[in-house]
K.L.:
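Please read through the structure below; I'll follow up with questions.
Being a predicted model, the structure only gives us computed values, none of them experimental.
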Amino acid sequence: MPIILLRCRTALRLPACLLALLTATPLLAQTATLRGLVIEAETQRPLPGATVVLLTDSVRVAATVSDGDGLFVLPRLPAQRYDLRLTYVGFAALEDTLTLGPGVVVERRFALTAAVGDLDELVVEAEGASGIVAVTAGVQRVRPADIERVPVPGVSGDLAAYVQTVPGVAAVGDRGGQLFVQGGLPSQNLVLLDGLQINRPFHIVGFYSAFPSDIVDTATFAAGGFGAQYGGRLSSVLDIASRDGSKERFAGSVALAPFLS
């Protein structure tokens, strides 16, 4: 008898579930979705962390922020007219009007221009210079200008050659790019380029560099003091951030080294 009663209850709930699904479909059709991309007007680069607010009669209806790629999504919005306000630190606020129809997905691209204004007072504080004097708990930050100070036989500065000038770093022959940091094994080193792990990153015989100074924006070399988020590495972490390119201005460079010639 309990089994029969359970089946009866399930059978009674089935029509209610079907009715709920049928009534939910028209409700979803009455809503809209707004997808957007926030970029910088001059360089066309995405702006992460931009604030997007939708208003109706000066009342905030929905809000979000753009992700690391400058994208944002506002789903399940009532189909109506909205006042959009988009703000980002250092850029002029953008205001626009949007009309979202029922059941549609609107995709927009928003370009922000840098704000120009007068400052009453500006205080500039700088850290110590980069290089060996900037070592703090085994961590130092490297600039492209620092890489260029180390002479190499190639056509441009070499980050690998610069790292070998740091105390505690040794290379037993250049072939294979094996670096030993503070007595550790090469497998205990971690090299990241824009967050991606690079296996066997260094060059052969010193003629070619995997990280020429032209593409390096900043580099952080940690021979100690780094956290467990680096996958249990024991010797060192080399975290490299590449330069951002411009979609409006194109540039190139050509160099010739007498030694290679």
Side-chain angles (χ1 to χ4, degrees), residues 6-119 192-198 215 217-218 229 231 239-252:
L6 179 60
R7 289 180 177 177
C8 291
R9 290 181 178 178
T10 305
L12 290 176
R13 290 179 180 177
L14 183 58
C17 295
L18 293 176
L19 180 61
L21 291 175
L22 293 176
T23 56
T25 302
L27 293 178
L28 293 176
Q30 298 300 321
T31 61
T33 300
L34 174 62
R35 297 177 182 174
L37 171 64
V38 185
I39 61 174
E40 183 180 354
E42 182 178 358
T43 62
Q44 302 296 308
R45 293 185 299 178
L47 295 178
T51 303
V52 184
V53 180
L54 290 182
L55 305 171
T56 300
D57 296 332
S58 300
V59 178
R60 187 176 68 177
V61 177
T64 187
V65 294
S66 59
D67 61 8
D69 297 324
L71 301 172
F72 69 89
V73 178
L74 289 172
R76 297 185 297 275
L77 297 172
Q80 60 184 22
R81 181 179 175 276
Y82 294 96
D83 294 327
L84 181 140
R85 180 175 175 82
L86 202 153
T87 56
Y88 191 80
V89 177
F91 289 80
L94 187 148
E95 296 183 355
D96 197 357
T97 301
L98 298 175
T99 301
L100 304 181
V104 299
V105 178
V106 179
E107 297 182 354
R108 292 286 300 272
R109 184 177 180 181
F110 303 96
L112 299 183
T113 57
V116 179
D118 297 330
L119 296 177
L192 300 174
L193 178 61
D194 293 332
L196 300 178
Q197 181 177 349
I198 306 298
I215 69 168
D217 186 16
T218 58
Q229 68 269 23
D239 192 358
I240 306 166
S242 61
R243 295 175 56 186
D244 293 331
S246 175
K247 295 182 179 180
E248 293 186 350
R249 294 187 300 270
F250 297 93

K.L.:
So which pairs with a foot in residues 85-99 pass side chain to side chain donor-acceptor pair (under 3.5 Å), sequence neighbours left out?
P.N.:
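Sorted pair list: R85-E95, D96-R108.
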
K.L.:
Please give me the minimum heavy-atom distance between R60 and A63, naming the atom from each residue.
P.N.:
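Result for this residue pair: CD-CB, 4.1 Å.
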
K.L.:
Exactly one of L86, I39, V38 should register a side chain to side chain contact (heavy atoms under 4.5 Å, CB included) with L47. Which one does?
P.N.:
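Looking at L86, I39, V38, the match for L47 under the side chain to side chain contact (heavy atoms under 4.5 Å, CB included) is V38.
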
K.L.:
Keeping S66 on the side-chain end and G49 on the backbone end, is there a donor-acceptor pair under 3.5 Å?
P.N.:
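Side chain of S66 to backbone of G49, a donor-acceptor pair under 3.5 Å: yes, one is there.
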
K.L.:
Go through L54 and L74 one step at a time and tell me if the side-chain contact (heavy atoms from CB on, under 4.5 Å) criterion holds.
P.N.:
CA-CA 9 Å; L54 290 182; L74 289 172; 3.6 Å; yes

K.L.:
Is there a side-chain contact between T64 and V52, using heavy atoms and a 4.5 Å cut-off?
P.N.:
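They are in side-chain contact.
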
K.L.:
Please give me the minimum heavy-atom distance between T56 and Q80, naming the atom from each residue.
P.N.:
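Smallest interatomic distance, heavy atoms only, reads OG1-NE2, 3.2 Å.
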
K.L.:
Strictly by modelled atom types, are S242 and D194 linked by a side-chain donor-acceptor pair under 3.5 Å?
P.N.:
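There is such a pair (donor and acceptor under 3.5 Å, judged by atom type) between the side chains of S242 and D194.
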
K.L.:
Show, in sequence, the C-alpha distance, side-chain angles and deciding distance for L37 and F72, and conclude whether the side-chain contact (heavy atoms from CB on, under 4.5 Å) test is met.
P.N.:
CA-CA 7 Å; L37 171 64; F72 69 89; over 6 Å; no

K.L.:
Who are the salt bridge (Lys or Arg N to Asp or Glu O under 4.0 Å) partners of R35, not counting sequence neighbours?
P.N.:
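Applying salt bridge (Lys or Arg N to Asp or Glu O under 4.0 Å) to R35 gives E107.
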
K.L.:
Working note: I240 + D217, criterion side-chain contact (heavy atoms from CB on, under 4.5 Å); need CA distance, chi angles, decisive distance, verdict.
P.N.:
CA-CA 8 Å; I240 306 166; D217 186 16; over 6 Å; no

K.L.:
Keeping the roles fixed (side chain from D67, backbone from D69), state whether a donor-acceptor pair exists under 3.5 Å.
P.N.:
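Checked: pair present.
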
K.L.:
With sequence neighbours excluded, tell me which residues meet salt bridge (Lys or Arg N to Asp or Glu O under 4.0 Å) with D83.
P.N.:
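Partners of D83 under the salt bridge (Lys or Arg N to Asp or Glu O under 4.0 Å) test: R81.
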
K.L.:
Supply the atom-to-atom distance R243 CZ to I215 CD1, rounded to the nearest 0.5 angstrom.
P.N.:
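Answer rounded to 0.5 Å: 10.0 Å.
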
K.L.:
Test side-chain contact (heavy atoms from CB on, under 4.5 Å) on L100 and Y82 and set out the steps.
P.N.:
CA-CA 8 Å; L100 304 181; Y82 294 96; 3.7 Å; yes

K.L.:
Using every non-hydrogen atom in the two residues, find where G101 and A32 come nearest and quote the distance to one decimal.
P.N.:
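Minimum heavy-atom contact is O-CB, 3.3 Å.
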
K.L.:
Could you grab the distance from atom CZ of R109 to atom CD of Q44, nearest 0.5 Å is fine?
P.N.:
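R109 CZ to Q44 CD: 5.0 Å, rounded to 0.5 Å.
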
K.L.:
Report yes if some heavy atom in the side chain of L34 is under 4.5 Å from a heavy atom in the side chain of L77; otherwise report no.
P.N.:
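With C-beta onward as the side chain, the pair touches.
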
K.L.:
Verify the distance criterion only: is there a donor paired with an acceptor across the side chains of T113 and E42 at less than 3.5 Å?
P.N.:
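No, because no side-chain N or O of T113 sits under 3.5 Å from a partner of the opposite role on E42.
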
